[in-house]
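Worksheet for the structure shown next.
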Amino acid sequence: MKIAVVGAGYVGLVTGACFAELGNDVICVDVDKDKIGKLNSGIVPIYEPNLDELVAKNKKEKKLVFSSDLNGAIRKSEIIFICVGTPPKDNGEADLSYVENVALSIAEAMDSYKIIVEKSTVPVETGEKVAKSIKSYNAHKVDFDVVSNPEFLREGSAVNDFMHPDRIVIGCESEKAKDIMKKLYSSLKSPIIFTDIKSAEIIKHASNSFLAAKISFINAIANICELAGADIEKVAEGMGCDKRIGRVFLNAGIGYGGFCFPKDAEAFIRISEKFGYDFKLLKAVQEINNNQRKHFVRKIEKALWIVKGKTIGILGLAFKPNTDDMRFAPSVDIISELQKEGAKIKAYDPKAMEKAKGILKNVAYSSDPYDAAIDADALVVITEWDEFKKLDLKRIKPLMKHPLIIDGRNIYRPEDVKKEGFTYISIGRKEVI
Ligand code: UDX
Ligand code: UDX
């Protein structure tokens, strides 16, 4: 099938490359000409495992084309995926101006039947508004259908998540659109759930909010464990054996970041309020998450006593491992707070340092985790990259001014760190001296 993907970001690029890999002809469009230029010269501007190879292969086979010509891409395609940003406004509502821009461009350009697919995460009722906008600006008076097809891609495993989804959700109101979307996804052996558009939009917000709630729940339990002297890792293990709970997304730490959970939960709270529902539960989820970062900074302050003038080695900057994405990353708040108190920050991240340099100033970026430990009064784990789990602690200890590790992601076993002579502070577990 002929597909246009509008927005070549973390989601649009993966969506375009995977649809091309499935045999479709894809035009990936972006308003950012620099991004399109890079993509046309073979540079993928984001880090996502397996994406580079997928883009290169399908570009070579001419199944995947990059362009800034939105009108041309619309005319040449039957299905148009909207994957543009839906960033939060100051009041927490989703900014849908980019979505509307694309909808109006489609209305102006389309000269034959089109399916317009909402892939970006949008509040319920957006599909209705997109259809209304297109209808009122439908220059060539052609037939079209709007479909909601939310993405459930996790950064760091987005290609795999696209090719092996737990489910595909299609919200549509016409049999014609349903048949075309069923054909499009037929090569993926995953259940397709057909709903109305509003239900599909809510499935996305509700799924992300539930996952965020699970994380805030285990972080709240971690705080209770710290006060009670219990071990959150044992508690999570005991809880997770219950199939109704499940062990995944029960990792206590400094909480969730990224361009989805924080903004989607906020947008869900706002749209619920618009309908007259006060989403107290989700507000509590967000509050617990925001407090988790503050709680972690207090742990560091308590361990160092005086922060001013101290050198802190930070391991990990990206909001999660296997991505370079710094959006809403806990590292930004934590490092900013420590700098306000006069700490000198050294930091290392395997992939995110280039993006971090544009956000975090006055940071000494290290060449590797051992470099970040040199002369450090404390080594602080913020992102649980695999390479940090395998560090040679025997080599780390003499490099530091003081053998202190403060672990925001519980990547070590306390007894292993204690054996190497460190003071070890983590989340939801007893301090080990
Ligand atoms: C986006 C949405 O923000 C998110 O809510 C949704 O779940 C998936 O799509 P992401 O891909 O991470 O997430 O956004 P981003 O990396 O910001 O990419 C958006 C791209 O759209 C950018 O490259 C931007 O240049 C482009 N864009 C934006 C357009 O091409 N046209 C526009 O009008 C606006
Ligand atoms: C999430 C959803 O998982 C995905 O389905 C949706 O499409 C987009 O948003 P993503 O944000 O890329 O994906 O990563 P995810 O693995 O969900 O982690 C989100 C945040 O939660 C990260 O900051 C991570 O560190 C944190 N997290 C995750 C925890 O703190 N504890 C956990 O147990 C799991």
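Predicted model only: the values in this text are computed from it and were never measured. Start at 1 and go down the list; that is how both ligands and their atoms are numbered.
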What atoms of ligand 1 come closer than 4.0 angstrom to any heavy atom of Glu151? 6 (C), 7 (O), 8 (C)
For a salt bridge (Lys or Arg N to Asp or Glu O under 4.0 Å) check, start with the C-alpha distance between Glu201 and Lys204, then their side-chain angles and the critical distance, and finish with the verdict. CA-CA 6 Å; Glu201 291 167 330; Lys204 173 65 188 177; over 6 Å; no
So which of Lys320, Gln292, Arg247 gets nearest to atom 16 (O) of ligand 2, if we judge by its closest heavy atom? Lys320
Have a look at ligand 2 and work out which part of Asn208, if any, has a heavy atom under 4.0 Å from it: side chain, backbone, both or neither. side chain
the protein heavy atom lying closest to atom 21 (O) of ligand 1 turns out to be Gly7 CA, 3.3 Å
Taking distance alone, with N or O pairs closer than 3.5 Å, would you say Phe319 contacts ligand 2? yes
Just say parallel, tilted or perpendicular for the rings of Tyr412 and Tyr424, cut-offs at 30° and 60°. perpendicular
Under 6.0 Å from the six-membered ring centre of Tyr47 and within 45° of its axis: does the NZ or CZ of Lys351 meet both? yes
Can you report which non-hydrogen protein atom sits closest to atom 18 (O) of ligand 1, along with the distance? Gly9 CA, 3.2 Å
Taking N or O atoms only and a 3.5 Å limit, does Tyr10 qualify as a polar contact for ligand 1? yes
Using distance alone, determine whether Glu155 and ligand 2 share an N or O pair under 3.5 Å. yes
For ligand 2, find out whether one of its N or O atoms is nearer than 3.5 Å to an N or O atom of Leu153. yes
My understanding is that we take every heavy atom of each candidate and find the minimum distance to atom 14 (O) of ligand 1. Doing that for Glu100, Glu118, Arg327, which one comes out nearest? Arg327
Closest to atom 30 (O) of ligand 1 among protein heavy atoms sits Val31 N, 3.0 Å
Within ligand 1, which atoms have a heavy atom of Lys263 less than 4.0 Å away? 4 (C), 5 (O)
For Leu39 and Pro45, the nearest pair of non-hydrogen atoms, with its separation, is CD2-CD, 3.7 Å
Look at the rings of Phe162 and Tyr185 and say which category their plane angle falls in: under 30° parallel, 30 to 60° tilted, over 60° perpendicular. tilted
Rounded to the nearest 0.5 Å, what separation is found between the CD1 atom of Ile411 and the NZ atom of Lys389? 7.0 Å
Less than 3.5 Å between some nitrogen or oxygen of Glu384 and one of ligand 2, yes or no? no
Cys260 to ligand 2, any heavy atom closer than 4.0 Å: yes
Do Phe259 and Tyr10 make the cut of ring centroids closer than 6.0 angstrom? no
Just distances here: any N/O of Gly257 and N/O of ligand 2 closer than 3.5 Å? yes
Is there a nitrogen or oxygen of Asn251 sitting under 3.5 Å from a nitrogen or oxygen of ligand 2? yes
Considering non-hydrogen atoms of the protein only, which is the closest contact for atom 6 (C) of ligand 1, and what is the distance? Thr121 N, 3.3 Å
Take Glu226 and Lys299 through the test salt bridge (Lys or Arg N to Asp or Glu O under 4.0 Å) and record every step on the way to the result. CA-CA 11 Å; Glu226 282 180 15; Lys299 273 178 182 287; 2.9 Å; yes
Begin from the C-alpha positions of Ser97 and Asp95 and carry the test side chain to side chain donor-acceptor pair (under 3.5 Å) through to its verdict. CA-CA 6 Å; Ser97 56; Asp95 176 356; 2.7 Å; yes
Could you give me the CA-CA distance, side-chain angles and deciding distance for Glu273 and Arg270, then say whether salt bridge (Lys or Arg N to Asp or Glu O under 4.0 Å) is met? CA-CA 5 Å; Glu273 272 169 1; Arg270 294 285 161 266; 3.0 Å; yes
Nearest-neighbour protein heavy atom for atom 17 (O) of ligand 2, which is reported as residue plus atom name and distance: Phe249 CZ, 3.3 Å
Give me the nearest non-hydrogen protein atom to atom 1 (C) of ligand 1 as residue plus atom name, then the distance to 0.1 Å. Val84 O, 3.7 Å
If you have a sec, work out which protein heavy atom is nearest atom 8 (C) of ligand 1 and how many Å separate them, to one decimal? Val11 CG2, 3.1 Å
I'd like to check which ligand 1 atoms, numbered from 1 as shown, lie under 4.0 Å from a non-hydrogen atom of Gly85. 2 (C), 3 (O), 19 (C)
Short list, please: which atoms of ligand 1 are under 4.0 Å from a heavy atom of Lys35? 22 (C), 23 (O)
Whether Asp30 lies under 4.0 Å from ligand 1, heavy atom: yes
Should Thr86 be counted as touching ligand 1, given the test is an N or O pair under 3.5 Å? yes
Distance from atom 27 (N) of ligand 2 to nearest protein heavy atom, with residue and atom: Ile215 CD1, 3.5 Å
Taking the six-membered ring of Phe194 as reference, does the NZ or CZ atom of Lys178 fall below 6.0 Å from its centre and within a 45° cone about the axis? yes
Evaluate the ring planes of Tyr348 and Phe388, with Trp represented by its six-membered ring, and classify them as parallel (under 30°), tilted (30 to 60°) or perpendicular (over 60°). perpendicular
The test is side chain to side chain contact (heavy atoms under 4.5 Å, CB included); show your working for Ile254 and Ile334 and say whether it passes. CA-CA 10 Å; Ile254 49 181; Ile334 292 165; 3.8 Å; yes
Non-hydrogen atoms of Lys204 versus ligand 2: any pair closer than 4.0 Å? yes
Looking at Phe259, which atoms of ligand 1 are within less than 4.0 Å of one of its heavy atoms? 3 (O), 12 (O)
